[in-house]
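Just so it is clear, the values below take in all heavy atoms, side chains as well, and ignore hydrogens, waters and symmetry mates.
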Amino acid sequence: PDEKLDLNDSKWEDIHVITGALKMFFRELPEPLFTYSHFNDFVNAIKQEPRQRVHAVKDLIKQLPKPNQDTMQVLFRHLKRVVENGEKNRMTYQSVAIVFGPTLLKPEKETGNIAVHTVYQNQIVELILLELNSVFGR
């Protein structure tokens with residue numbers, strides 16, 4: 001059954017509760033928003049020359065299932081608004097990428113150097129936030 005949430009309830013006043021719920025939603029999906037099958041492609045895209053990265057990432061996003069693309073667009077537009085209010089919330093492009101990178105984008109099996117993966121995960125999320133209009137049009 002669909003639960004009706006009252007966002008005016010005081011328990012939602014702590015922004016960390018809402019952020020935690022959002023992260024948990026994405027973490028608990030059967031497959032990450034950036035699907036397992038595309039993980040290495042996204043990593044290879046972010047390793048390219050800076051001028052080619054945006055184009056490569058945009059092309060990969062277009063290969064994802066439509067619901068993933070739509071969800072991604074809404075989520076990243078929201079996260080961009082979070083960063084734009086950085087004076088109030090102290091969130092930067094980098095900090096949002098660190099928080100959401102590993103949740104949205106991960107290899108199916110953790111192999112090799114997790115720290116290296118984390119760097120790429122964060123860079124990909126940060127790039128999409130910085131280049132939102134190029135990646136999603138408008």
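Taken to the nearest 0.5 Å, the CG atom of D70 stands 11.0 Å off from the CG atom of L64. In this structure, CD1 in I124 is found 6.5 Å from CZ in F39, a value given to the nearest 0.5 Å. Taking CZ of F42 as the reference point, atom CD1 of I128 lies at 6.0 Å (rounded to 0.5 Å).
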*So M72 and L75, side-chain contact (heavy atoms from CB on, under 4.5 Å) or not? Walk me through it.*
CA-CA 5 Å; M72 210 175 269; L75 175 65; 5.8 Å; no

*Please step through side-chain contact (heavy atoms from CB on, under 4.5 Å) for the pair E131 and V57, ending with a clear verdict.*
CA-CA 10 Å; E131 301 291 341; V57 167; over 6 Å; no

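Ring geometry for F76 against F34 counts as perpendicular: the plane angle is over 60°, on a 0 to 90° scale with 30° as the lower cut.
A side-chain donor-acceptor contact under 3.5 Å links Q121 to the backbone of L105. Formation of a donor-acceptor pair under 3.5 Å by the S95 side chain with backbone atoms of T92 is found in this model. In this structure, K23 contributes its side chain and T103 its backbone to no donor-acceptor pair below 3.5 Å.
For the pair K106/Y36, a side-chain contact is recorded, criterion being any heavy-atom separation below 4.5 Å from C-beta on.
The only member of L79, T19, V82 that meets side-chain contact (heavy atoms from CB on, under 4.5 Å) when paired with M91 is V82.
Counting non-hydrogen atoms of other residues, nucleotides and ligands closer than 6.0 Å to CD of Q94 gives a total of 12 or fewer.
Residue L130 is grouped with residue V54 when hydrophobic side chains (ILVMFWY) are merged at heavy-atom distances under 4.5 angstrom, including chains of intermediate members. Linking Ile, Leu, Val, Met, Phe, Trp and Tyr whenever their side-chain heavy atoms come within less than 4.5 Å leaves M24 and L33 in two separate clusters.
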